[in-house]
S.K.: 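Take this structure, written in structure tokens, and hold onto it; I'll ask about it next.
All heavy atoms count here, side chains included; hydrogens, waters and symmetry mates do not.
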Amino acid sequence: MNERRARALRIDASDRDGRRRASRGVPRLPAPRPGFGRTVAKVVAGGLSALVLVGAGVGWATENGFDDGFGRSRALGDDAPRSLGGAMNILLIGLDTRKDQNGKDLPQEILDQLHAGDSDQGGYNANTLILVHIPADMKKITAVSIPRDDYVAVSGIPGYTHMKIKEAYGLKKALVQEQLEARGETDRTKLERAGREAGRASIVQAVRNLTGVPIDRFAEITLAGFYDLAKALNGVEVCLRKPVRDLDYSGADFPAGRQRLDPAQALAFVRQRHGLENGDLDRTHRQQAFLTSVAKELRNAGTFTDVGKLSALMDVAHRNIVLSDGWNVTDFLRTVGSAASPTVEFRTLPVLRYDVIDGQDVNIVDPAAIRREVRAVFGVTAPTTPPTRTAPLLSSTVDVLNADGEDGYAARVSAALAARGYQTGTVGYATAAEGSTSAVYYSPGNDADAARLAQTLGGLSLIRSATVPTGRIKVVIGSDFTMPTALAGASATTTYAPTPLPTPDVGKPAETAISSDQIPCVN
């Protein structure tokens, strides 16, 4: 691996152990009740709720070519699954990079304001991931925040089967740039753009696999974009439960209570994780609070009747945001703006526990449970499990390997599959290279069989692997796996119940109304 790629993929020491330090001594809570429960932070606000205010601004935006100025991406792919019935799922990606769209370092005066180090730090991590569901009737918009350290299965990046979800962008970007350089490409702008396009496709696929729902549109905003947005609004107002001080990393130094932050302070507010009780989970809640505050600023400042402010905001959008190709934002704003005051509900995906893998702090999650919950709150019908039958369901033989489950669990899963008509093969233990998170590995050309088996097992992640022999599928069972009731049988006693583990504190519900003067208080 060359030095450029090493810099692009660097996860600095503070990122590896920051949450561990931040969470030392913090009492752990008991396992959460089923569903998102305590993870929900409902806010009648957020960035998209502000769009209902744009009635006066849409006509201006149309006349001034608002849609024409965005960078565009085809990373979604033409054959990707789409939402049905007029609904739309939008992925918001906050990219932690100190470079512009062409790969050039941001000016030093901007880096000084960001308090985020130089271009050798941060890499290209997708540090903010929010999946927004807009139903056809637009009565209630749901925004799901995905913690950046969730440890997930990935494919298409040699040497990796699992990683923190935030890394799916930068690792793929670096790989593609290396491949292009090996073929003789030397134009740095072309390399940057091709790498970022690959990174977008990779992070979209990772989120799609984790949540189990289609992604219809996406918007990517850079680190500098957060700063520029706060600057265009002349700062934002926030509320802190306790005073915070983090001069070494984010630059945050704020008293408790309600206060107005200038642009540099606002960025420190959304970036801080060191010194917070729950590290990155608290930072996720801050991102939600920031969007709430932005929505209130847009509403209260008369932005959409002020041509000067509209121009400033449009400039910020064009410089810092890349949109999926084919998304007519002006029409989108007009449609959402016509809705009768929809509410916005923020949720944070649940985390089973913290762990350390290969020296990095990660969030262990239950992908099957996440898919069930996301589908439920988005109103998406889950794929049906094939009915019981004795004839083989697949032409492939299924090997089941125990990665981190209780002894004998792989054998029970294999037996349950055999009872449903699947052709069983080897039962044993997974190697370190196969990871510790549940997934279905399959050889190229075995897509249909693998997809059917993954759904039978509760919607496990699919990973194409050249090391899996033709005619076979490999199922890795980790501690995150729970035998689906439909597979084991309602009265079965083989459902795996892992030993209860300490659960990260994902915060309490917080409600506010954009029409009120209330600001949500966070850690």
Side-chain angles (χ1 to χ4, degrees), residues 67 70-95 101 124 126 128-134 144 146 152-158 160-161 163 165-180 190-221 321-329 331-332 367 370-371 374-375 378 380 383 439-452 454-455 459-466:
D67 276 280
F70 287 102
R72 295 288 178 168
S73 168
R74 297 185 60 83
L76 280 180
D78 296 331
D79 57 350
R82 303 296 188 201
S83 297
L84 303 175
M88 179 183 294
N89 296 334
I90 303 171
L91 178 62
L92 306 180
I93 306 167
L95 191 62
Q101 296 293 343
Y124 286 84
T128 301
L129 292 168
I130 302 176
L131 186 60
V132 181
H133 175 71
I134 303 178
V144 175
I146 304 170
V152 301
V154 296
S155 60
I157 305 177
Y160 296 88
T161 59
M163 65 180 63
I165 195 167
K166 68 176 184 181
E167 298 173 322
Y169 192 115
L171 287 165
K172 186 67 173 184
K173 173 185 181 294
L175 171 66
V176 168
Q177 286 187 228
E178 280 188 359
Q179 293 172 338
L180 290 174
K190 290 182 179 179
L191 288 168
E192 180 73 13
R193 292 181 176 177
R196 287 203 185 186
E197 190 74 345
R200 292 171 191 130
S202 179
I203 198 70
V204 165
Q205 185 61 43
V207 173
R208 188 186 288 137
N209 286 346
L210 177 65
T211 60
V213 296
I215 297 174
D216 305 288
R217 299 281 186 263
F218 73 80
E220 172 193 294
I221 185 170
I321 296 177
V322 172
L323 300 177
S324 54
D325 196 37
W327 187 4
N328 187 310
V329 180
D331 284 349
F332 171 75
I370 284 175
R371 292 186 195 100
V374 171
R375 286 170 181 150
F378 283 14
V380 177
V440 172
Y441 295 80
Y442 64 98
S443 58
N446 238 5
D447 304 57
D449 276 3
R452 182 180 298 177
Q455 291 302 328
L460 293 187
S461 298
L462 287 164
I463 300 177
R464 182 179 297 181
S465 173

S.K.: If you look at every heavy atom in Leu76 and Ser324, which pair is closest and at what distance?
M.R.: CD1-CB, 3.8 Å

S.K.: Ser465: which residues meet the side chain to side chain donor-acceptor pair (under 3.5 Å) condition with it, sequence neighbours left out?
M.R.: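 Per chain and number, Ser465 pairs via side chain to side chain donor-acceptor pair (under 3.5 Å) with Thr467.
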
S.K.: Under the ring pair (Phe, Tyr, Trp, His ring centres under 6.0 Å) rule, collect the residues that match up with Phe378, sequence neighbours excluded.
M.R.: His133

S.K.: Where do Ala198 and Val176 come nearest, in terms of heavy atoms and distance?
M.R.: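 Looking at all heavy atoms of both residues, the shortest contact is CB-CG2, 3.4 Å.
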
S.K.: Sequence neighbours excluded, which residues qualify as side-chain contact (heavy atoms from CB on, under 4.5 Å) partners of Ala201?
M.R.: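 Only Ala75 meet the side-chain contact (heavy atoms from CB on, under 4.5 Å) criterion with Ala201.
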
S.K.: Quick one: list whatever passes side-chain contact (heavy atoms from CB on, under 4.5 Å) with Ser83, sequence neighbours left out.
M.R.: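 Partners of Ser83 by the side-chain contact (heavy atoms from CB on, under 4.5 Å) criterion, ordered by chain and then number, come out as Ala87, Asn89, Pro214, Asp216.
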
S.K.: List the residues meeting salt bridge (Lys or Arg N to Asp or Glu O under 4.0 Å) with Arg464, not counting sequence neighbours, and say none if there are none.
M.R.: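 Arg464 satisfies salt bridge (Lys or Arg N to Asp or Glu O under 4.0 Å) with Asp447 once adjacent residues are dropped.
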
S.K.: Can you sort out the partners of Ser461 under side chain to side chain donor-acceptor pair (under 3.5 Å), two or more places apart, ordered by chain and number?
M.R.: Arg371

S.K.: What pairs with Thr211 under side chain to side chain donor-acceptor pair (under 3.5 Å), at least two apart in sequence or on another chain?
M.R.: none

S.K.: Side chains of Leu175 and Pro158: closer than 4.5 Å at any heavy-atom pair?
M.R.: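 They are in contact (side-chain heavy atoms under 4.5 Å apart), so the answer is yes.
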
S.K.: Looking at residues at least two apart in the chain, or sitting in another chain, which of them share a side-chain contact (heavy atoms from CB on, under 4.5 Å) with Ile321?
M.R.: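 Per chain and number, Ile321 pairs via side-chain contact (heavy atoms from CB on, under 4.5 Å) with Phe70, Ala219, Ile221, Ala317, Leu323.
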
S.K.: With side chains defined as the heavy atoms from C-beta onward, is the minimum distance between Ile93 and Leu129 less than 4.5 Å?
M.R.: yes

S.K.: Determine the minimum heavy-atom distance between Ile90 and Phe218, stating which atoms define it.
M.R.: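 Answer, listing the atom of Ile90 first, then Phe218: CG2-CA, 4.4 Å.
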
S.K.: Can you tell me how far apart NZ (Lys172) and OH (Tyr160) are? Round to the nearest 0.5 Å.
M.R.: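 It is 13.0 Å, given to the nearest 0.5 Å.
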
S.K.: How many angstroms lie between atom CD of Gln177 and atom CZ of Arg196, to the nearest 0.5 angstrom?
M.R.: 9.5 Å

S.K.: So how far is it from Leu171 CG to Ile157 CD1, rounded to the nearest 0.5 Å?
M.R.: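 Result: 5.0 Å between the selected atoms.
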
S.K.: State, to 0.1 Å, how close Ala168 and Ile203 come at their nearest heavy-atom pair, and which atoms those are.
M.R.: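 Result for this residue pair: CB-CD1, 3.9 Å.
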
S.K.: Considering residues at least two apart in sequence or located in another chain, which fulfil the salt bridge (Lys or Arg N to Asp or Glu O under 4.0 Å) criterion with Arg74?
M.R.: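 So Arg74 forms a salt bridge (Lys or Arg N to Asp or Glu O under 4.0 Å) with Asp78, Asp325.
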
S.K.: Could you work out, with side-chain contact (heavy atoms from CB on, under 4.5 Å) as the rule, every residue matching Gln205, not counting sequence neighbours?
M.R.: Arg208, Asn209

S.K.: Taking all non-hydrogen atoms of both residues into account, name the closest pair between Leu180 and Ala194 and its distance.
M.R.: CD1-CB, 3.5 Å

S.K.: Mind checking salt bridge (Lys or Arg N to Asp or Glu O under 4.0 Å) for Arg200 and listing every partner two or more places apart, or none if nothing turns up?
M.R.: Glu197, Glu220

S.K.: Quick one, Tyr442 and Leu462 - any side-chain contact, counting heavy atoms below 4.5 Å?
M.R.: yes

S.K.: Roughly how far apart are Lys173 NZ and Glu178 CD, rounded to 0.5 Å?
M.R.: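 Atom-to-atom, Lys173:NZ and Glu178:CD are 10.5 Å apart.
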
S.K.: Ile463 and Ala439: which non-hydrogen atoms are nearest, and at how many Å?
M.R.: CD1-CB, 3.9 Å

